[in-house]
There are 2 protein chains.
Amino acid sequence: MKESKVPTLKSIAEKLNISVTTVSKALKGYSDVSPVTRQKVLDIAEELNYTPNSIAVNFRTKQSKTIGIIIPEVVHHFFSSIINGVIEEAERQNYFVIILQSNENKEMEKKQVELLISKRVDGIIMSLSNQSNDEDYLKKIIDRNIPLVLIDKISKLIDCSKVIIDDKKAAFDAVNHLINIGCKKIAHIRGPLNPQNSIDRFLGYKTALDHHNIPFDSSLVYPCKRVCYEEGYDFTKQLMNDHPDVDGIFAITDLVAVGALTYLNDQQIKIPNQVAVIGFSNWFMSSVISPKLSTIDQPGFKMGAQAFLLLKEEMESMRNAGKRVCKTITLNTDLIIRESTSK
Amino acid sequence: MKESKVPTLKSIAEKLNISVTTVSKALKGYSDVSPVTRQKVLDIAEELNYTPNSIAVNFRTKQSKTIGIIIPEVVHHFFSSIINGVIEEAERQNYFVIILQSNENKEMEKKQVELLISKRVDGIIMSLSNQSNDEDYLKKIIDRNIPLVLIDKISKLIDCSKVIIDDKKAAFDAVNHLINIGCKKIAHIRGPLNPQNSIDRFLGYKTALDHHNIPFDSSLVYPCKRVCYEEGYDFTKQLMNDHPDVDGIFAITDLVAVGALTYLNDQQIKIPNQVAVIGFSNWFMSSVISPKLSTIDQPGFKMGAQAFLLLKEEMESMRNAGKRVCKTITLNTDLIIRESTSK
DNA sequence: GGTGATTTCGAAATCGTTTTCGATTATGAA
DNA sequence: TTCATAATCGAAAACGATTTCGAAATCACC
């Protein structure tokens, strides 16, 4: 094995018989080093293929230049889109991103938070699990003065910056669209009772009904626990038994909507003529399923990018002013009309 | 703003009027510190909520305890499954994972490699872009003695550890299955010409034909460039024009197969009776599409987990023996039979 | 040539932890 | 008591880069 040592400032300094200080200054463009010396340093650095030891720089500057993001799961169209946005923007700003998963589990989420804290990341982006709300480990992030941005799955009880969509309005748009194409009896396969966006989408559903003077019927609302394909299928089955005259379904997310579509297809129930279906989130899947699924486009990538920018603002504010920004950014959603609601 | 300093070894030492050395030793369980002192140290550490500054530890031990993974894209069922496997196993072993994307672009991939090298990660896992083969930046990783594991999209020309599936055998199984259910004229919508697994799957296709004495017809092979849904749709259209009597399609990946299914559905072509279709990879989507898609299950999660374990072996071998392991692990695939090939 | 200003450089401290090695004290045996 | 041994602790160096501060050398100007 070769003794090819990794080059350091010292190696360069020794080769030129000058001090480490001067080498450092030359490389960083300080004004108190002569052009001649600077050039010699640059040449040797180039020759040795020198790159600063970023672990040492991190140590010295007390910044890890790394942020952490905790999400429920990676293998998920929306969350992976968020990750994509975060790491693209982070890379542009010279930050690395550590990804951790909570698996929708509160204990796991707590563990991940503590891991990130102990590893001294510069900031944290989180999308909460369905179980969590104002947990003490979230407050710990605040107490420790660690920059924090919540994204999409937020808690109203935690005082920090947030990147969200207007779930209530988006849900309103979806249900309003169903009503506009003639649906009279619309069911809602909703999410769990705890998460904020599940609540807001339910409220949007209700508001749209109100707006068109359609009486709200709680027996038309089915709450998912795991928010999965199977629940979409099973609840639709149950729904069609309970209310054979239902003519519209608004599902909390595309995955559930696809489950609904599958049941309706299996039963030869005409979509959208007998039952129209609209989902939420605009997963890739929804544009290749048959019939193609109408949905609400939720800009995951953009949300991720925004979240990083906001986190950076938080990090700078904390460093300079010692206090948080606590800004909430609300991004627009779009109603995507496809076959499942095109009568 | 409070002056709540982050506790260090020094804070503890000062509080107890002992040396930093002893505190460090007490916390690390050295034998040359008395039980009494140790307990006092542990108590104070507990009280101050001390956690070691891992940036300092990294600096001291010259290990970042962080690995990097470069993949073509995050928003992708298979690759996100790999990531999931890597980070789960890495977390168990106390490592962090940095994720970077090449976007199937060679220049980007090069940039990402250099970024990871300059940031001094302890090891790198890579799934190559379609453009890359034995690029010089890959050799640079080898030259710099950085542990490397290639996963799934590998290059035979780079000498390092690898985690793969037997693409040729898996493709053979898929096509063999088509033949067994009675297909006589089977088309292959293949991947680009460069990537190894695209080549191997093509070879598996050819071998299966040979094995059943079906003559190979190169006009039945359509090469994708971007390996996307649209190509699956368009090539199937072209295929059905060129060869109306084709009765089986083997697609390089589920995404392409779903494009094929959609075209066939649009044209009211019966699946699988007129044309049977099989994909590759077992994306979630393929089990909810109609008809449900037969495919080859590619164990992304397991591959990711294995890749990390192998990388760890590489890291230890490099540290201790100064040389690479260069082991190749081949994981099993499963033939998943669903509606699209159930005559 | 003398004075002050400017240019150019380097010594040294610092960040927090780990580890080596030596010093000191206590203990035990003779 | 004496000497050897064991038990316990701490000083100091090291990791690599950055930055402050002061020293030295050069220059400009009268």
Side-chain angles (χ1 to χ4, degrees), chain A residues 3-42 44-45 48-66 94 117-122 144 319, chain B residues 3-42 44-45 48-66 94 117-122 144 319:
Chain A
E3 256 316 311
S4 62
K5 294 274 292 176
V6 182
T8 66
L9 289 185
K10 204 173 156 198
S11 343
I12 301 178
E14 282 169 356
K15 241 176 149 50
L16 286 172
N17 265 324
I18 58 177
S19 77
V20 172
T21 308
T22 307
V23 176
S24 172
K25 287 185 188 169
L27 291 172
K28 298 201 76 193
Y30 275 58
S31 61
D32 63 344
V33 36
S34 73
V36 190
T37 314
R38 182 196 321 288
Q39 195 52 53
K40 279 196 272 187
V41 170
L42 291 179
I44 300 285
L48 296 183
N49 229 318
Y50 170 82
T51 53
N53 181 330
S54 49
I55 303 182
V57 175
N58 290 345
F59 176 54
R60 167 72 217 225
T61 60
K62 297 177 162 210
Q63 289 183 50
S64 60
K65 280 284 182 180
T66 301
N94 258 306
I117 292 180
S118 83
K119 282 286 191 162
R120 305 256 201 301
V121 292
D122 293 342
R144 291 233 180 180
R319 244 202 325 276
Chain B
E3 254 318 309
S4 62
K5 294 274 293 176
V6 182
T8 65
L9 290 184
K10 203 172 156 198
S11 346
I12 301 178
E14 281 169 356
K15 240 176 149 50
L16 287 171
N17 264 324
I18 59 178
S19 76
V20 173
T21 308
T22 306
V23 176
S24 172
K25 287 184 187 168
L27 290 172
K28 299 201 74 192
Y30 275 56
S31 62
D32 64 344
V33 34
S34 74
V36 191
T37 314
R38 181 195 323 287
Q39 196 52 53
K40 279 196 273 188
V41 170
L42 292 178
I44 301 286
L48 297 184
N49 229 317
Y50 170 81
T51 54
N53 181 331
S54 48
I55 303 182
V57 175
N58 290 344
F59 176 54
R60 167 70 217 218
T61 60
K62 299 177 160 210
Q63 288 182 50
S64 61
K65 281 283 181 180
T66 302
N94 259 307
I117 292 180
S118 84
K119 281 286 193 163
R120 304 263 203 294
V121 292
D122 293 343
R144 291 232 180 182
R319 245 204 323 276

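Each chain gets a letter, A, B and so on, in the order the sequences are listed, and its residues count up from 1. Small disclaimer: the values here were computed from a predicted structure and weren't measured.
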Does B:A56 or B:S19 map to a spot on DNA chain D nearer the 5' end, using the closest nucleotide for each?
B:S19
Looking only at heavy atoms, the pair that brings A:S54 and B:S118 closest together is OG-O, 3.4 Å
Sequence neighbours excluded, every pair satisfying salt bridge (charged side-chain N to carboxylate O under 4.0 Å, His left out) that has a member inside residues 17-39 of chain B
B:K25-B:D32
What heavy-atom pair brings A:R144 and A:I117 nearest, and what distance separates the two atoms?
NH1-CG2, 3.7 Å
Write down the distance between CG (B:L27) and C1' (C:dG16), rounded to a whole number of angstrom.
13 Å
What is the distance from atom CG of A:N58 to atom CG of B:N58, rounded to the nearest 0.5 Å?
8.5 Å
Considering only heavy atoms of chain B and a distance under 4.0 Å, specify the first and last nucleotide of DNA chain D in 5' to 3' order that meet this criterion.
D:dT8 to D:dG16
Determine yes or no for a side-chain-to-main-chain donor-acceptor pair under 3.5 angstrom, with B:T61 supplying the side chain and B:V57 the backbone.
yes
Taking only side-chain nitrogens and oxygens of A:K62, does any of them come within less than 4.0 Å of OP1 or OP2 of C:dG16?
yes
Residues B:T21 and B:S24: side-chain donor-acceptor under 3.5 angstrom
no
So what does A:I55 hit on the nucleic acid, given a heavy-atom distance under 4.0 Å: a base, only sugar-phosphate, or nothing?
nothing
Examine distances only and state if a side-chain atom of A:T66 and a backbone atom of A:S64 form a donor-acceptor pair shorter than 3.5 Å.
yes
Quick one: pull up CZ in B:F59 and CG in B:N53 and give me the separation to the nearest 0.5 Å.
11.5 Å
5' to 3', nucleotides 18-28 of chain C under a 4.0 Å protein heavy-atom cut-off (B base, S sugar-phosphate only, - none) gives BBBB-------
If you assign A:S31 and B:K10 each to the DNA chain C nucleotide with the nearest heavy atom, which residue ends up on the more 5' nucleotide?
A:S31
